[in-house]
*Asks:* 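This is the structure, below, for whatever I ask next.
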Amino acid sequence: MRIATWNINGVKARIDTAAKWLSTASPDIVFLQETKSADEAFPAATFEDLGYNVARHGQKGFNGVAIFSKLPLEDVRFSLPGDEGDTQARFAEALVSVQGGAIRLGSLYLPNGNPVDSDKFSYKLAWFDRLHDWAVSHLATEETFVLGGDFNVIPASIDARFPDNWTDDALCRAESRAAWRRLVNLGLTDALRTTTNAPGHYTFWDYQAGAWQKNNGIRIDHFLLSPQAADRLKSVSIDKRVRGWDKPSDHVPLIVDLEG
DNA sequence: ATGGCTGCAGGATGCAGA
């Protein structure tokens, strides 16, 4: 089973690019972030015609997450527990049934958190705490789960081409990295880091200042796997090609292949 | 570089992103 996650930066601006990418990568399941579309304006039919069931949860103009699946989606939910007052569309989860059981899927768009002296940063850290609690509760049931998305965290210096540029940024502040480690240290597997300890594996290049041409990238899109999911991991890849296409998102897809 | 782009809503340009 192939699962991909991609911050698409506007699903309506990326319909043609997304259709092209889906046909070349052939994922069974896709997590999207930053769809920037209200649900009624989401171009679901385009993706249903490509064979996907579509679960989407968005807002006008910003945020927004989705899960596409060639298998039926069950138990679809769109809110991360822990703050009834949070109206931002940043989380979608669902179950798919496969041979040998179910897999829980979580597509997430973790808050950016800049500027760090604002309530945006405290919102990011609170959101991280809620995600931690979500993981604790699902680890307790020994479910197979796959959390993927734009975590807006550069886990370590090797995850940035120019780490010194990001020292005081919300993406790599000590509090953000501590929250990331606290989540991973529950027993989750950072999928990409099972394949390599090398620098140079990025998922985002800014539109500005020729970041792509200079390979000024960062790794902020991740898959975290529960132990049962990690046991099934076959391969991980970053589909960098997509950043060089016309009208690209500033993020590229990250892909995991699981047994079964 | 003064985020130097980009998408969105809307019908100009401000907001949001990382």
Side-chain angles (χ1 to χ4, degrees), chain A residues 5-21 31-44 46-47 56-66 86-91 107-125 127-128 148-177 179-180 201-222 238 240 242-254:
Chain A
T5 184
W6 186 20
N7 179 321
I8 196 170
N9 189 20
V11 68
K12 292 189 286 285
R14 217 72 62 206
I15 288 178
D16 293 343
T17 306
K20 177 180 172 185
W21 175 71
F31 300 168
L32 296 180
Q33 301 85 36
E34 277 206 272
T35 53
K36 298 187 176 180
S37 180
D39 293 345
E40 58 274 19
F42 194 103
T46 299
F47 301 106
R56 76 275 189 271
H57 173 52
Q59 293 175 255
K60 217 194 267 192
F62 69 119
N63 293 334
V65 288
D86 184 1
T87 59
Q88 297 197 33
R90 295 181 174 275
F91 187 74
S107 171
L108 67 98
Y109 177 42
L110 210 138
N112 172 289
N114 281 306
V116 294
D117 59 355
S118 73
D119 55 6
K120 292 185 176 184
F121 192 53
S122 49
Y123 175 63
K124 174 179 196 160
L125 298 177
W127 209 97
F128 239 132
D150 179 356
F151 284 72
N152 270 315
V153 172
I154 301 168
S157 294
I158 59 168
D159 296 310
R161 177 69 182 80
F162 298 107
D164 291 349
N165 291 355
W166 299 94
T167 307
D168 290 320
D169 193 279
L171 304 197
C172 80
R173 275 283 291 257
E175 298 94 324
S176 305
R177 285 183 166 169
W180 165 262
H201 297 279
Y202 311 130
T203 64
F204 170 90
W205 294 260
D206 202 292
Y207 288 126
Q208 300 183 70
W212 169 243
Q213 289 74 13
K214 297 173 189 167
N215 194 28
N216 177 9
I218 52 179
R219 187 174 77 98
I220 56 174
D221 300 271
H222 309 292
I238 297 172
K240 270 178 76 166
V242 181
R243 188 63 178 79
W245 291 358
D246 286 340
K247 297 274 290 175
S249 169
D250 41 6
H251 297 249
V252 297
L254 172 67

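First the proteins, then the strands, lettered A, B, ... as listed; each starts at 1. Since the structure is predicted, the reported quantities are computational estimates derived from the model, not experimental observations.
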*Asks:* Side chain of Lys12(A): nearest nucleotide among dC5(B), dA9(B), dA18(B)?
*Replies:* dA9(B)

*Asks:* Taking OP1 and OP2 of dA18(B), is either one under 4.0 Å from a side-chain nitrogen or oxygen of Arg173(A)?
*Replies:* no

*Asks:* What is the distance, to the nearest angstrom, from the CG atom on Asp250(A) to the P atom on dA18(B)?
*Replies:* 7 Å

*Asks:* Looking at dA18(B), dG7(B), dG17(B), which one has an atom nearest to any side-chain atom of Ala13(A)?
*Replies:* dG7(B)

*Asks:* State whether a side-chain donor-acceptor pair under 3.5 Å links Asn215(A) with Trp205(A).
*Replies:* yes

*Asks:* With the side chain of Glu34(A) defined as its heavy atoms from C-beta on, choose the nearest nucleotide among dG17(B), dA9(B), dG3(B).
*Replies:* dG17(B)

*Asks:* Using atom P of each nucleotide, how far apart are dA18(B) and dT6(B) to the nearest Å?
*Replies:* 16 Å

*Asks:* Using atom CZ of Phe62(A) as one end and atom C1' of dG17(B) as the other, report the distance to the nearest whole Å.
*Replies:* 11 Å

*Asks:* Nearest whole Å is fine: how far is dG3(B) P from Phe204(A) CZ?
*Replies:* 16 Å

*Asks:* Does Lys36(A) put a side-chain nitrogen or oxygen below 4.0 Å from OP1 or OP2 of dT6(B)?
*Replies:* no

*Asks:* Under 4.0 Å, counting only non-hydrogen atoms across every strand here, what does Asp150(A) touch: a base, just sugar-phosphate, or nothing?
*Replies:* sugar-phosphate

*Asks:* Is any side-chain nitrogen or oxygen of Lys120(A) closer than 4.0 Å to OP1 or OP2 of dG17(B)?
*Replies:* yes

*Asks:* For dG3(B), take OP1 and OP2 only and decide whether either is under 4.0 Å from a side-chain N or O of Asn165(A).
*Replies:* no

*Asks:* When you check the side-chain N and O atoms of Lys36(A) and Asn9(A), is any donor under 3.5 Å from an acceptor?
*Replies:* yes

*Asks:* If I pick the P atom on dC15(B) and the same atom on dA1(B), what distance separates them, to the nearest angstrom?
*Replies:* 26 Å

*Asks:* When the nearest nucleotide of DNA chain B is assigned to Arg14(A) and to Gln88(A) on a heavy-atom basis, which residue is associated with the more 5' position?
*Replies:* Arg14(A)

*Asks:* Specify the separation, in whole Å, of atom CD1 of Ile8(A) and atom C1' of dC8(B).
*Replies:* 15 Å

*Asks:* Name the orientation class of the two ring planes belonging to His222(A) and Trp180(A) (parallel below 30°, tilted from 30 to 60°, perpendicular beyond 60°).
*Replies:* tilted

*Asks:* Rounded to the nearest Å, what distance is computed from the CG atom of residue Leu110(A) to the C1' atom of nucleotide dG17(B)?
*Replies:* 14 Å

*Asks:* How many Å lie between CH2 on Trp205(A) and P on dA18(B), as a whole number?
*Replies:* 15 Å

*Asks:* Do Trp21(A) and Trp245(A) have ring centroids that are under 6.0 Å from one another?
*Replies:* no

*Asks:* Please report the distance separating the P of dG7(B) from the corresponding atom of dT2(B), rounded so that it comes out in whole Å.
*Replies:* 25 Å

*Asks:* dA16(B) phosphate, OP1 or OP2: any side-chain N/O from Tyr109(A) under 4.0 angstrom?
*Replies:* no

*Asks:* Scan Asn7(A) against the nucleic acid and name what it touches under 4.0 Å (heavy atoms): base, sugar-phosphate only, or nothing.
*Replies:* sugar-phosphate

*Asks:* For Gln208(A) and dA1(B), what is the distance between atoms CD and P respectively, to the nearest whole Å?
*Replies:* 14 Å

*Asks:* Are any of the side-chain heavy atoms of Phe47(A) and Arg56(A) separated by less than 4.5 Å?
*Replies:* no

*Asks:* Would one find a side-chain N or O of His251(A) under 4.0 angstrom from OP1 or OP2 of dA18(B)?
*Replies:* yes

*Asks:* Starting at CD of Gln59(A) and ending at P of dG7(B), how long is that distance when rounded to a whole Å?
*Replies:* 20 Å

*Asks:* Please identify which of these residues, Asn63(A), Asn152(A), Thr5(A), meets the side chain to side chain donor-acceptor pair (under 3.5 Å) condition with Gln33(A).
*Replies:* Thr5(A)

*Asks:* 5'-most contact on DNA chain B: Asn112(A) or Pro248(A), nearest heavy atom basis?
*Replies:* Pro248(A)

*Asks:* When you get a sec, tell me which of dA18(B), dG17(B), dA9(B) is the closest nucleotide to the side chain of Tyr207(A)?
*Replies:* dG17(B)

*Asks:* Touch check for Arg90(A), heavy atoms < 4.0 angstrom, all strands: base, sugar-phosphate only, or nothing?
*Replies:* sugar-phosphate

*Asks:* Please examine the side chains of Val65(A) and Phe31(A), heavy atoms only from C-beta on, and report whether any two atoms are closer than 4.5 Å.
*Replies:* no

*Asks:* When you compare dG3(B) with dA16(B), how far apart are their C1' atoms, in angstrom units rounded to a whole number?
*Replies:* 13 Å

*Asks:* Is the phosphate of dG7(B), meaning OP1 or OP2, less than 4.0 Å from a side-chain N or O of Asn9(A)?
*Replies:* no

*Asks:* Please determine whether any donor N or O and acceptor N or O are separated by less than 3.5 Å between the side chain of Asn114(A) and the base of dG17(B).
*Replies:* no

*Asks:* Can you tell me how far C1' in dG4(B) sits from the matching atom in dG17(B), rounded to whole Å?
*Replies:* 15 Å

